[in-house]
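Any value given below was found using the heavy atoms of this structure, including those in side chains, with hydrogens, waters and symmetry copies removed. The chain is numbered in sequence order, starting from 1. Only a predicted model underlies this, so the values are computations on that prediction, with no experimental measurement involved.
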Amino acid sequence: QVQLVESGGGLVQAGGSLRLSCAFSSGYDMGWFRQVPGKSREFVSGITWNGGWIYYGNSVKGRFTLSRDNAKNTVYLQMNSLKSEDTAVYYCAAKTALGSMLSPSNYPYWGQGTQVTVSS
């Protein structure tokens, strides 16, 4: 059983920063998605199991940075220059190497989600 534990969400003013963390089991590609009520889950960023490839959604490119520390079994999503439209529940997810990083349907394992609220 793969368990994912997220932390680091909260309330921040526009232009500020937050760092989300996700503790995971080793050997998986890791992704971050976000969701607001009434909308489908949006891909934010993903990183392959060995850190060799990192992907970003268009709306966060240049502002968010994803990294992983396999020694600590933790991935970090550094979010800078936050905007009100970044407000959402953020989910950490894990998958095997098969399938696109961008599609939430390829991720069988999900964390409980952490709320990020950006005030304008």
The complete set of disulfide (SG to SG under 2.5 Å) pairs with one or both residues in residues 48-87, sequence neighbours excluded, reads none
Worksheet entry | Expected output: side-chain Asn70 to main-chain Trp49 donor-acceptor under 3.5 Å | yes
Residue pairs meeting disulfide (SG to SG under 2.5 Å), one or both in residues 43-103, sequence neighbours left out, come to Cys22-Cys92
Applying salt bridge (Lys or Arg N to Asp or Glu O under 4.0 Å) to Asp29 and not counting sequence neighbours gives Lys95
Using a 4.5 Å side-chain heavy-atom cut-off and chaining through intermediate ILVMFWY residues, the residues clustered with Tyr56 come out as Val2, Leu4, Val12, Leu18, Leu20, Phe24, Tyr28, Met30, Trp32, Val44, Ile47, Ile54, Val60, Phe64, Leu66, Val75, Leu77, Met79, Leu82, Tyr90, Tyr109, Val116, Val118
- Taking the side chain from Thr48 and the backbone from Trp53, do they hold a donor-acceptor pair closer than 3.5 Å? yes
Contacts satisfying disulfide (SG to SG under 2.5 Å) that involve residues 28-87 (not counting sequence neighbours) are none
Hits for side-chain contact (heavy atoms from CB on, under 4.5 Å) against Gln115, two or more places apart or cross-chain, chain-then-number order -> Thr87, Val89, Thr117
Hits for side chain to side chain donor-acceptor pair (under 3.5 Å) against Gln3, two or more places apart or cross-chain, chain-then-number order -> none
Contacts of Gln78 meeting side chain to side chain donor-acceptor pair (under 3.5 Å) (sequence neighbours excluded), chain-then-number -> Asn80
Looking only at heavy atoms, the pair that brings Phe43 and Gly57 closest together is CE2-N, 3.7 Å
### Message
So for atom CH2, which belongs to Trp110, do other residues, nucleotides or ligands contribute more than 12 heavy atoms lying within a distance under 6.0 Å?
### Response
yes
#### Entry: Quiz item: cation-pi between Arg41 and Tyr91, 6.0 Å / 45°
yes
With sequence neighbours left out, the residues meeting side chain to side chain donor-acceptor pair (under 3.5 Å) with Thr96 are none
So the disulfide (SG to SG under 2.5 Å) pairs with at least one residue in residues 30-82 (sequence neighbours excluded) are none
Item to check | Arg34 and Ser59: side chain donor to acceptor below 3.5 Å | outcome: yes
In short, side-chain hydrogen bond (donor to acceptor under 3.5 Å, both in side chains) pairs touching residues 97-108 with sequence neighbours left out are Ser103-Ser105
Closest non-hydrogen atoms of Ser17 and Ser81, given as atom of the first, atom of the second and distance, are OG-N, 4.4 Å
Ser84 meets the side-chain contact (heavy atoms from CB on, under 4.5 Å) criterion, sequence neighbours left out, with Ser120
Are Arg68 and Asn73 side-chain neighbours, meaning at least one heavy-atom pair lies under 4.5 Å?
-> no
